[in-house]
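Encoded as structure tokens, the structure appears first; notes follow it.
Proteins come first, then strands; the chains are lettered A, B, ... in the order of their sequence lines, and each starts at number 1. What you are looking at is a predicted structure, and each value in this text was computed from that prediction instead of being measured. As a basis for the values below, the full set of heavy atoms in this structure was taken, side chains included, without hydrogen atoms, waters or symmetry mates.
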Amino acid sequence: DTAVSQTPKYLVTQMGNDKSIKCEQNLGHDTMYWYKQDSKKFLKIMFSYNNKELIINETVPNRFSPKSPDKAHLNLHINSLELGDSAVYFCASSTTNRQTYGYTFGSGTRLTVV
Amino acid sequence: AQKVTQAQTEISVVEKEDVTLDCVYETRDTTYYLFWYKQPPSGELVFLIRRNSFDEQNEISGRYSWNFQKSTSSFNFTITASQVVDSAVYFCALRIAAGNKLTFGGGTRVLVKP
């Protein structure tokens, strides 16, 4: 029943590894996002996909690569992890219906790079 | 570019006190949407309210109320008779109608002491 689900919830890994975070939404939304929350709680958008098409790509290292196999899924792959990548990553989805604009967030993935 | 400023980084109150969280936004767009989210200690982002730029009516929902003033570009949030369960980080956010991304303020941590 979870509207936006992301896995895993916690991820601890060593520097240099490659890891993926998966996200799925069952709301029928056509736009999905990845946000990063740093240690000071600041939330910033990383990517956005609309119907599998990349529409927002903020200044993010190219070690981060999103993939959207269909409009219900948006995964985030991170290569060569660095200490500074430690953060909470939130997946979100939204509708383009202006009457019901809203964003639903997943519960977050806490990534710790050691 | 859009910007959201939450000048108060942390507010501490005693239970049953009222607390007001300030939010000031900047945008050149005439149509936009403002949001408030709550992030409790468990970490998820909980949607509280969305307000359209063309609707300046204030809103009340239980102990929560919001004051939207376009003249001062502010969208303030008041918790009346605060409770310990209100302890969380609260985020104000902005989306322009022509865009997709949600721009967040830095958040205000509210600590309600018993």
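Residue pairs meeting the ring pair (Phe, Tyr, Trp, His ring centres under 6.0 Å) criterion with at least one member in residues 8-30 of chain B, sequence neighbours excluded, are B:Y25-B:Y32. The side-chain hydrogen bond (donor to acceptor under 3.5 Å, both in side chains) contacts involving residues 42-55 of chain A comprise A:T31-A:N50, where partners must be two or more places apart or lie in separate chains.
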Distance-only criterion, 3.5 Å: show the donor-acceptor pairs between side-chain atoms of residues 38-47 of chain B and protein atoms not counting sequence neighbours.
| from | atom 1 | to | atom 2 | distance (Å) |
| --- | --- | --- | --- | --- |
| B:K38 | NZ | B:V85 | O | 3.1 |
| B:Q39 | OE1 | A:Q37 | NE2 | 2.9 |
| B:Q39 | NE2 | A:Q37 | OE1 | 2.9 |
| B:Q39 | NE2 | B:G43 | O | 2.8 |
| B:S42 | OG | B:E44 | OE1 | 2.5 |
| B:S42 | OG | B:E44 | OE2 | 3.2 |

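Side-chain contact, A:H77 with A:S20: a donor N or O sits under 3.5 Å from an acceptor N or O. Side-chain contact of A:T112 with A:S86: a donor-acceptor pair under 3.5 Å is absent, judged by distance alone.
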Passes side chain to side chain contact (heavy atoms under 4.5 Å, CB included), A:V114 versus A:Q14? Steps please.
CA-CA 5 Å; A:V114 297; A:Q14 291 188 327; 4.2 Å; yes
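Between chain B and the options A:V88, A:L43, A:I45, heavy-atom pairs under 4.5 Å are most frequent for A:L43.
Using a 4.5 Å cut-off between non-hydrogen atoms, the part of residues 106-114 of chain B that approaches chain A consists of B:G106, B:R109.
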